[in-house]
Amino acid sequence: GNSVTQMEGPVTLSEEAFLTINCTYTATGYPSLFWYVQYPGEGLQLLLKATKADDKGSNKGFEATYRKETTSFHLEKGSVQVSDSAVYFCALTRGGGNKLTFGTGTQLKVEL
Amino acid sequence: SAVISQKPSRDICQRGTSLTIQCQVDSQVTMMFWYRQQPGQSLTLIATANQGSEATYESGFVIDKFPISRPNLTFSTLTVSNMSPEDSSIYLCSAPGRGPYNEQFFGPGTRLTVL
């Protein structure tokens, strides 16, 4: 079946540091890949997506590239802010039906 | 994108009672989804709510515990029945966007605490 593996958190960074959150997946064929963000006390927001190999999703300074050869979709940001503190979820969907398979989530804390 | 609202946003309930959560989408969608997020955990799909047919439940979830209604293409309800403290979670509904890329959009969630 489908699965998503994320690096464990919490990840604590200083403001303006570089961020990488690793995500790898297992799925047959070509899944669509997503990063969702959950700010404290809120629901999930779609951060970015990629639907085929070598696609780069980007939004709000975050980027992730769909790497078929390494089955990865790592999230990066060049300079994090305190306001980026949240839980980040990597997810995939495969085939029809739109059902999402989520990773365990990675909590990011950004300090001044 | 799809705009999704949920009611209630939070509730505190007594053991043995039931709570019905409502989910409204701003456009017509064929499928809606209900997820559970236990404290500090990731999201687990409970069921897919199909308009005009019974919901499809994932392994570990049963209709008697989580009955779902889908009366039209913009609305669904999830009932958490005969609640116990283990049901304390955030319950989220989602629906696909209008684009071709299978992205889903989520409601703000219902935070349920069972005493």
Side-chain angles (χ1 to χ4, degrees), chain A residues 1-10 21 23 25 27 29-53 55-59 64 66 73 86-107 109, chain B residues 1-10 21 23-25 29-51 53 55-61 89-113:
Chain A
N2 301 329
S3 67
V4 176
T5 302
Q6 283 182 241
M7 63 186 290
E8 294 205 8
I21 300 178
C23 171
Y25 67 89
Y30 294 88
S32 295
L33 302 173
F34 306 90
W35 278 99
Y36 284 86
V37 58
Q38 187 175 37
Y39 296 102
E42 300 185 11
L44 268 70
Q45 299 178 24
L46 178 63
L47 182 60
L48 54 83
K49 64 180 183 287
T51 58
K52 61 182 186 295
D55 265 2
K56 178 185 283 188
S58 61
N59 186 25
Y66 189 143
F73 193 54
V87 180
Y88 292 82
F89 292 94
C90 185
L92 69 81
T93 184
R94 172 74 184 101
N98 300 101
K99 290 196 293 187
L100 282 166
T101 300
F102 283 91
T104 53
T106 302
Q107 184 175 11
K109 298 179 181 178
Chain B
S1 66
V3 178
I4 301 173
S5 59
Q6 281 185 238
K7 290 194 296 187
S9 59
R10 60 178 66 236
I21 302 167
C23 179
Q24 180 78 50
V25 186
V29 292
T30 304
M31 290 179 288
M32 295 173 69
F33 302 88
W34 287 98
Y35 290 83
R36 181 176 72 183
Q37 185 181 22
Q38 294 177 301
Q41 303 297 313
S42 187
L43 282 78
T44 302
L45 181 64
I46 298 171
T48 303
N50 308 298
Q51 200 276 328
S53 64
T56 305
Y57 289 83
E58 299 298 306
S59 175
F61 297 96
S89 296
I90 301 173
Y91 293 85
L92 299 107
C93 69
S94 72
R98 298 183 185 89
Y101 300 119
N102 295 329
E103 66 257 66
Q104 281 190 47
F105 296 90
F106 285 80
T110 296
R111 297 172 183 275
L112 171 62
T113 301

Note, A:Phe34 side chain near B:Gln104 side chain (heavy atom, < 4.5 Å)
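Of all side-chain heavy-atom pairs linking B:Gln104 with A:Phe34, none is under 4.5 Å.
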Flag the pair B:Tyr35 / A:Leu100 as yes when at least one side-chain heavy-atom distance between them is below 4.5 Å, and no otherwise.
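A side-chain contact exists here, since the closest heavy-atom pair is under 4.5 Å.
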Ignoring hydrogens and geometry, is there a side-chain-to-backbone donor-acceptor pair from B:Ser42 to A:Gly105 under 3.5 Å?
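Absent.
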Looking at residues at least two apart in the chain, or sitting in another chain, which of them share a side chain to side chain contact (heavy atoms under 4.5 Å, CB included) with A:Ala27?
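Result, side chain to side chain contact (heavy atoms under 4.5 Å, CB included) vs A:Ala27: A:Asn2, A:Tyr25, A:Pro31, A:Leu92.
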Please classify the contact of [X] with chain B as side chain, backbone, both or neither, using a heavy-atom distance under 4.5 Å.
X: A:Leu46; value: side chain
X: A:Gln45; value: neither
X: A:Phe89; value: side chain

For B:Glu58, which residues count as a salt bridge (charged side-chain N to carboxylate O under 4.0 Å, His left out) partner, sequence neighbours excluded?
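Once residues adjacent in sequence are excluded, the partners of B:Glu58 under the salt bridge (charged side-chain N to carboxylate O under 4.0 Å, His left out) criterion are A:Lys99.
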Grab the two heavy atoms, one from [X] and one from [Y], that are nearest each other, plus how far apart they are.
X: B:Leu92; Y: A:Gly43; answer: CD2-CA, 4.1 Å
X: A:Glu42; Y: B:Arg111; answer: N-NH2, 3.3 Å
X: A:Phe102; Y: B:Leu43; answer: CD1-CB, 3.8 Å

Proximal component of [X], with respect to chain A [non-hydrogen, under 4.5 Å]:
X: B:Leu45; result: side chain
X: B:Gln37; result: side chain
X: B:Arg10; result: neither

